[in-house]
Visitor: 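This structure is in structure tokens; I'll ask about it shortly.
Fair warning: this is a prediction, and the values are worked out from it, not measured in the lab.
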Amino acid sequence: MLDFKSIFKMAIISLKINKMRSMLTSLGIIIGVSAVIIMLAVGTGAREKIAKDMESMGSNLLMVRSASANSGGVRMGFGTKPTLTLKDAEAIEKNARGILAVAPYSSESKQLTYGNQNWSSTIGGTTGSYLFIRNYEISSGRNFVPEDNQNSSKVAIIGNTVATELFGDVDPINKTMRIGNVPFKIIGLLKSKGQSGMGMDQDDLVFIPITTAQKKVFGTAFPGTVSMINVKATDSDILDTTQSDITDILKQRHHIGKTQDNDFEIRNLAEMQETIKSSAKTMSILLGAIASVSLLVGGIGIMNIMLVSVTERTKEIGIRMAIGAKASDIRIQFLIESFLLSIIGGIAGVIIGVLCSECIHIFSSMNILISGFSIALSLGFSGAIGVLFGYYPAYKASLLNPIDALRYE
């Protein structure tokens with residue numbers, strides 16, 4: 001009986017003799033593994049990007065929006081009819097259970113000017129709690145204080161895009177810019193958030209006190225109204241209770257009867273975030289599964305070539321068995337050959353997959369994440385395919401009768 005080391009050497013020699021065939025046999029595995037690496041990198045990267053975007057939006061959030069306005073029988077969508085007020089926000093914060101923070105919010109697009117520079121951006125009227133609720137951080141300067149809203153102060157907090165477009169390399173803190181024709185002192189600069197998953201620039205915005213926005217910038221015909229109230233709950237377990245309390249509070253304040261439609265809408269962002277994350281995870285698994293099909297095709301290719309090899313090497317097998325090789329030796333050699341073809345193809349596929357993933361990231365700016373798990377999974381899967389699809393040809397070779405094999409031409 002030959003030892004394993006001798007059998008291994010024979011397997012390598014056999015593969016070297018037919019280099020071109022060995023390379024073409026491994027091609028299916030190379031394509032399959034590289035496809036799995038690329039697909040998983042794209043899927044995982046997309047999932048991580050979505051998770052990051054969701055985190056930047058804030059957690060345990062409820063968004064209360066105004067009702068839909070009607071114009072000529074056409075419904076304009078939620079937020080178009082001002083039904084929510086600053087008093088509603090105060091009542092929610094005071095009476096609803098599980099409240100961590102509440103911030104009213106209204107926004108409009110306005111032209112900004114500083115010196116000879118100008119820029120159009122979204123102006124959000126709110127309170128200092130909004131930054132905490134939506135995970136914005138101050139990089140320099142300060143946040144709003146209660147006195148800013150009490151006195152309708154003309155102060156502003158700006159994002160990085162606005163700072164770059166208006167001020168360039170100049171520190172914007174304590175500088176005065178104009179929103180429309182109204183001068184505002186910049187008291188804070190936000191840390192950059194980058195683009196959201198929807199492609200929106202989260203740094204192209206300006207925050208001002210909500211009372212200042214209502215009285216001096218937006219010019220609303222309904223004083224005290226807001227388009228949205230953002231609510232952050234203490235934890236996800238109490239969100240349903242908080243949402244129920246808010247509904248009851250607003251129905252009572254707006255005198256809405258049991259049979260009447262609500263003049264507001266509450267959206268649970270936690271549910272939406274979980275749905276999006278679940279969809280992204282499912283898509284990532286689906287991409288990996290689709291790519292894995294090509295691995296199976298590569299495995300079938302290995303089996304076909306190994307079966308051909310058994311036929312071509314029948315006489316060689318007969319000679320080896322005639323001089324003492326056992327059926328198990330023949331079987332092990334063919335399994336080793338199949339495994340080596342598969343694992344070498346797997347390694348080459350990993351290298352190609354990683355390089356292609358990096359190219360996709362560089363040329364398309366897509367978020368790509370290559371994990372050690374995906375590499376280990378691909379290599380393990382390719383090795384398993386080599387053994388699985390190589391077993392039948394190896395078994396068939398080991399069953400050959402030495403006398404018949406020697407007579408084979």
Visitor: Going by the rule side chain to side chain donor-acceptor pair (under 3.5 Å), which residues pair with N118 if we only count those two or more places apart in sequence or in a different chain?
Guide: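 So N118 forms a side chain to side chain donor-acceptor pair (under 3.5 Å) with Q111.
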Visitor: Where do I256 and D261 come nearest, in terms of heavy atoms and distance?
Guide: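 So the minimum-distance heavy-atom pair works out to CG2-O, 3.8 Å.
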Visitor: Only counting residues at least two apart or in another chain, list the ones meeting salt bridge (Lys or Arg N to Asp or Glu O under 4.0 Å) with D148.
Guide: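 Only R142 meet the salt bridge (Lys or Arg N to Asp or Glu O under 4.0 Å) criterion with D148.
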Visitor: Evaluate whether atom NE2 of H254 has more than 12 neighbouring non-hydrogen atoms of other residues, nucleotides or ligands under 6.0 angstrom away.
Guide: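 Enclosed: over 12 neighbouring heavy atoms sit under 6.0 Å from NE2 of H254.
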Visitor: Does some side-chain heavy atom of N143 sit less than 4.5 Å from a side-chain heavy atom of F132?
Guide: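 No; the side chains remain at least 4.5 Å from each other.
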Visitor: Grab the two heavy atoms, one from R253 and one from K87, that are nearest each other, plus how far apart they are.
Guide: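 Smallest heavy-atom distance, with atoms named: NH2-CB, 3.1 Å.
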Visitor: Please check this pair: side chain of T212 against backbone of S152, looking for a donor-acceptor N/O pair closer than 3.5 Å.
Guide: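 At least one qualifying donor-acceptor pair exists.
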Visitor: Determine yes or no for a side-chain-to-main-chain donor-acceptor pair under 3.5 angstrom, with T126 supplying the side chain and P104 the backbone.
Guide: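 Side chain of T126 to backbone of P104: a pair is present.
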Visitor: When you measure from the side chain of D171 to the backbone N and O of I173, does any donor-acceptor pair fall under 3.5 Å?
Guide: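 Yes; at least one donor-acceptor contact below 3.5 Å.
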Visitor: Spell out, as yes or no, whether a donor-acceptor pair under 3.5 Å connects the side chain of S129 to the backbone of A103.
Guide: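 No; judged by distance alone, with no hydrogens or angles, the pair does not exist.
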Visitor: Could you check V182 against K154 for side-chain contact (heavy atoms from CB on, under 4.5 Å), going step by step and ending with a plain yes or no?
Guide: CA-CA 8 Å; V182 184; K154 290 182 284 187; 3.5 Å; yes
Visitor: Judged by atom type as modelled, is there a donor-acceptor pair below 3.5 Å linking the side chain of S342 to the main-chain atoms of S338?
Guide: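 No.
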Visitor: Taking salt bridge (Lys or Arg N to Asp or Glu O under 4.0 Å) as the cut-off, I'd like each qualifying pair that reaches into residues 96-122, sequence neighbours left out, listed once.
Guide: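 Found R97-D245, E108-K110.
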Visitor: Main chain of N160, side chain of T164: is a donor-acceptor contact present, judged purely on distance under 3.5 Å?
Guide: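 Yes, T164 side chain to N160 backbone: donor-acceptor pair under 3.5 Å.
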Visitor: Side-chain contact, heavy-atom cut-off 4.5 Å: I229 with I246?
Guide: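 No. Closest side-chain heavy atoms not under 4.5 Å.
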Visitor: Please identify each residue that fulfils side chain to side chain donor-acceptor pair (under 3.5 Å) with S107, with sequence neighbours left out.
Guide: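 Once residues adjacent in sequence are excluded, S107 has no partner under the side chain to side chain donor-acceptor pair (under 3.5 Å) criterion.
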Visitor: Mind jotting down which residue pairs meet the salt bridge (Lys or Arg N to Asp or Glu O under 4.0 Å) criterion with at least one end in residues 349-369? Sequence neighbours excluded, please.
Guide: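 Applying salt bridge (Lys or Arg N to Asp or Glu O under 4.0 Å) to every pair that reaches into residues 349-369, excluding sequence neighbours, yields nothing.
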Visitor: Indicate the atoms forming the closest heavy-atom contact of I186 with P172, along with that distance.
Guide: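 I186 and P172 have their closest heavy atoms at CB-O, 3.5 Å.
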Visitor: For the residue pair V206 and I157, establish whether any side-chain heavy-atom pair is separated by less than 4.5 Å.
Guide: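 No, every pair of side-chain atoms sits at 4.5 Å or beyond.
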Visitor: Determine whether the aromatic ring centres of residues F207 and F144 are separated by less than 6.0 angstrom.
Guide: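 When the ring centroids of F144 and F207 are compared, they turn out to be at least 6.0 Å apart.
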Visitor: Would you call I375 and I370 a side-chain contact if the rule is heavy atoms closer than 4.5 Å?
Guide: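 With C-beta onward as the side chain, the pair touches.
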Visitor: Is there a side-chain contact between L205 and Y136 (heavy atoms, below 4.5 Å)?
Guide: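 Yes, their side chains come closer than 4.5 Å.
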Visitor: On a heavy-atom basis, which atom in V226 and which in S66 lie closest, and how many Å separate them?
Guide: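 For V226 and S66, the tightest heavy-atom pair comes out as O-OG, 3.2 Å.
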Visitor: For a 4.5 angstrom cut-off between non-hydrogen side-chain atoms, does Q117 reach E165?
Guide: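 Q117 does not reach E165 side chain to side chain.
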Visitor: Ignoring hydrogens and geometry, is there a side-chain-to-backbone donor-acceptor pair from S139 to L189 under 3.5 Å?
Guide: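 Side chain of S139 to backbone of L189, a donor-acceptor pair under 3.5 Å: yes, one is there.
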Visitor: Looking at D240 and Q243, would you say the former's side chain and the latter's main chain have a donor-acceptor pair under 3.5 Å?
Guide: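 Such a contact is absent between D240 side chain and Q243 backbone.
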Visitor: If only atom types and distance count, is the side chain of K216 paired as donor or acceptor with the main-chain N or O of S153 below 3.5 Å?
Guide: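 No, because the side chain of K216 does not come within donor-acceptor range (under 3.5 Å) of the backbone of S153.
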Visitor: Using only atom types and a distance under 3.5 Å, with no angle test, would you say the side chain of N149 pairs donor to acceptor with the backbone of I210?
Guide: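 Such a contact is found between N149 side chain and I210 backbone.
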Visitor: Can you run down the ring pair (Phe, Tyr, Trp, His ring centres under 6.0 Å) pairs that involve residues 158-190, sequence neighbours left out, and say none if there aren't any?
Guide: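 Those involving residues 158-190 are Y114-F167.
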Visitor: Apply the side-chain contact (heavy atoms from CB on, under 4.5 Å) test between L62 and each candidate in N230, T242, I99; give the one that qualifies.
Guide: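 Among N230, T242, I99, the one meeting side-chain contact (heavy atoms from CB on, under 4.5 Å) with L62 is T242.
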Visitor: Output every pair passing salt bridge (Lys or Arg N to Asp or Glu O under 4.0 Å) with a member in residues 371-384, not counting sequence neighbours, ordered by first then second residue.
Guide: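 Of all non-adjacent pairs touching residues 371-384, none passes salt bridge (Lys or Arg N to Asp or Glu O under 4.0 Å).
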Visitor: Can you name the ring-ring contact (aromatic ring centres under 6.0 Å, His included) partners of Y105, sequence neighbours left out?
Guide: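 Applying ring-ring contact (aromatic ring centres under 6.0 Å, His included) to Y105 gives Y130.
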Visitor: Can you sort out the partners of T85 under side chain to side chain donor-acceptor pair (under 3.5 Å), two or more places apart, ordered by chain and number?
Guide: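 T85: side chain to side chain donor-acceptor pair (under 3.5 Å) contacts with D88.
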Visitor: Can you sort out the partners of L27 under side-chain contact (heavy atoms from CB on, under 4.5 Å), two or more places apart, ordered by chain and number?
Guide: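 With sequence neighbours excluded, L27 shows a side-chain contact (heavy atoms from CB on, under 4.5 Å) to I31, given in chain and number order.
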Visitor: Report yes if the side chains of L190 and L131 come closer than 4.5 Å at any heavy-atom pair, otherwise no.
Guide: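 Counting from C-beta outward, L190 and L131 do come under 4.5 Å.
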Visitor: Between V33 and S382, what is the shortest heavy-atom contact and its length?
Guide: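 Shortest heavy-atom contact: CG2-CB, 3.9 Å.
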Visitor: The criterion is salt bridge (Lys or Arg N to Asp or Glu O under 4.0 Å); which residues satisfy it with D203, sequence neighbours excluded?
Guide: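 Per chain and number, D203 pairs via salt bridge (Lys or Arg N to Asp or Glu O under 4.0 Å) with no residue.
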Visitor: Among all residues two or more places apart in sequence or in another chain, which pass the side chain to side chain donor-acceptor pair (under 3.5 Å) test with K191?
Guide: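 So K191 forms a side chain to side chain donor-acceptor pair (under 3.5 Å) with E137.
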Visitor: Which heavy atom of S120 sits nearest to which heavy atom of S109, and what is that distance?
Guide: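 Nearest heavy atoms, S120 then S109: OG-OG, 3.5 Å.
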Visitor: Do the non-hydrogen side-chain atoms of L112 and I123 ever get within less than 4.5 Å of each other?
Guide: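 Yes, side chains in contact.
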